[in-house]
Number of protein chains: 2
Amino acid sequence: MKEKKKSLIKAISAIYRYSQTYIGENIKKYNIGKGQWNFLTQLLFNEDGLTQEELSDTLHIDKANTARALKLLEDEDYIYRQLDPKDARKKRIYVTNKSRVFEEEFHCVFKDLNKILSKDFTPEEKEMARILLYRMLDNIIAYRETQGKGK
Amino acid sequence: MKEKKKSLIKAISAIYRYSQTYIGENIKKYNIGKGQWNFLTQLLFNEDGLTQEELSDTLHIDKANTARALKLLEDEDYIYRQLDPKDARKKRIYVTNKSRVFEEEFHCVFKDLNKILSKDFTPEEKEMARILLYRMLDNIIAYRETQGKGK
DNA sequence: AAAAAACAGTTGCGATAGCAACCAAGTTCT
DNA sequence: AGAACTTGGTTGCTATCGCAACTGTTTTTT
């Protein structure tokens, strides 16, 4: 029985899908879906007031999805859009009070997921995992840029 | 400006999506999509003759998707299904000669992706990334089992 | 042996994702 | 100023994915 080396991408795929399911289950009660968490956490825990384009770039998500996800978040009153007074093409996205009310609860969902994933990791291993993952991400972004898909 | 610790799952999500796009582009010429590579590589590079359920379990993919992906692979003549003579519920999946013809080319797509992701990694870092990722996967699988979603 | 339960695979459904085409607002070029 | 181009966002399309409900086969229970 030949021992095949298991590929990085197989693990990443499975972790991604199971994590999405986990997130979906744990944010369902807020009436938002697993396609929206990325945007909401970015706005809540990093910075709001970004345009949709900036959000897309930061999160590496297609701008069409960004438009759709933000629409849903807006419908549920977690964010609102405001036209940039300097440039009427841009819509700047801000979180609502409702988002702030649930901020801590949201945060827990992601802290918990992180704990699940890195269970029994030493602090050094956690840090190493983070570093290696973000290097992989940078690598594939750099590759895409050589292919002319910079953005 | 507060320095936020970046989460594992954000990186994993982005890597997953970019990798899926990469794979999709590179296997398009074989008339198969990014939803099918996981099954085909498993059958080609590990073992065929598995049932759909076994494939689902190994790849951590819902059995409904397995059925659909295999249907497409069968339509394109990369695999065939054979009823298990001992148990008429089971369909065992085998790769075709057509698959074997392209085996090396397929392999390159995934080797190349692996190279892109782990660019500038030392051999130790590559190994560490693999180990940590599979531990994360095992962790979330174990968590799911505590939640009664063993399979 | 008949009924009930378990198992393997399929289908229906709704949500998410990327690409391409499009529209409206701003910028640049002549 | 007007034409051409760029930029930011939206919509249409198609593919993927997980869950739930279903069909047909096998096993277990009584």
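Quick note on labels: first sequence line is chain A, next is B, and so on, each numbered from 1.
- Judged as a ring-ring contact (aromatic ring centres under 6.0 Å, His included), and not counting sequence neighbours, B/Phe121 has no contacts.
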| Where along nucleotides 16-24 of chain D does protein come under 4.0 Å, by heavy atom, of base (B) or sugar-phosphate alone (S), with - for untouched nucleotides? | SBBBB---B
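- Take B/Asp77 and apply the side chain to side chain contact (heavy atoms under 4.5 Å, CB included) test, not counting sequence neighbours, and it matches B/Thr96, B/Lys98.
- Chaining together hydrophobic side chains whose heavy atoms lie under 4.5 Å apart places B/Tyr80 alongside B/Tyr94.
- Rounded to whole Å, the distance from CD1 on A/Ile23 to P on C/dA17 is 10 Å.
- Rounding to whole angstrom units, CD of residue B/Glu76 and P of D/dA15 are separated by 12 Å.
- Among the atoms of the strands shown, only primed sugar atoms or phosphate atoms (P, OP1, OP2) are found under 4.0 Å from some heavy atom of B/Thr51.
- Taking 4.0 angstrom as the limit, A/Lys91 places a side-chain polar atom (N or O) nearer than this to OP1 or OP2 of D/dT10.
- For the pair B/Arg81 (side chain) and B/Gln52 (backbone), a donor-acceptor distance under 3.5 Å is absent.
- The CG atom of B/Asp84 sits 12 Å away from the C1' atom of D/dT26 (whole-angstrom rounding).
- Following rounding to the nearest Å, A/Leu55 (CG) and D/dT10 (P) show an atom-to-atom distance of 12 Å.
- A/Arg81 comes within contact range of the sugar-phosphate backbone alone, with a heavy-atom separation under 4.0 Å but no base atom that close.
- Summarising the geometry, the separation between CG on A/Leu50 and P on D/dG8 is reported as 13 Å, rounded to the nearest angstrom.
- Atom CD1 of B/Ile93 and atom C1' of C/dG9 are 10 Å apart (whole Å).
- Evaluation of the ring pair (Phe, Tyr, Trp, His ring centres under 6.0 Å) test over residues 18-42 of chain A, restricted to residues two or more places apart or in two chains, returns A/Tyr18-B/His60, A/Tyr22-B/Tyr143, A/Tyr30-A/Phe102, A/Tyr30-A/Phe106, A/Trp37-A/Phe110.
- With rounding to whole Å, B/Lys90 atom NZ is found 8 Å from C/dA8 atom C1'.
- Under the rule for a salt bridge (charged side-chain N to carboxylate O under 4.0 Å, His left out), the partners of B/Glu54 that lie at least two apart in sequence or sit in another chain are B/Arg92.
- OP1 and OP2 of D/dT7 both lie 4.0 Å or more from every side-chain N or O belonging to A/Gln52.
- Within a 6.0 Å radius of NZ in A/Lys111, more than 12 heavy atoms belonging to other residues, nucleotides or ligands are found.
- Straight-line distance from the CG atom of B/Asn26 to the P atom of C/dG18: 17 Å, rounded to whole Å.
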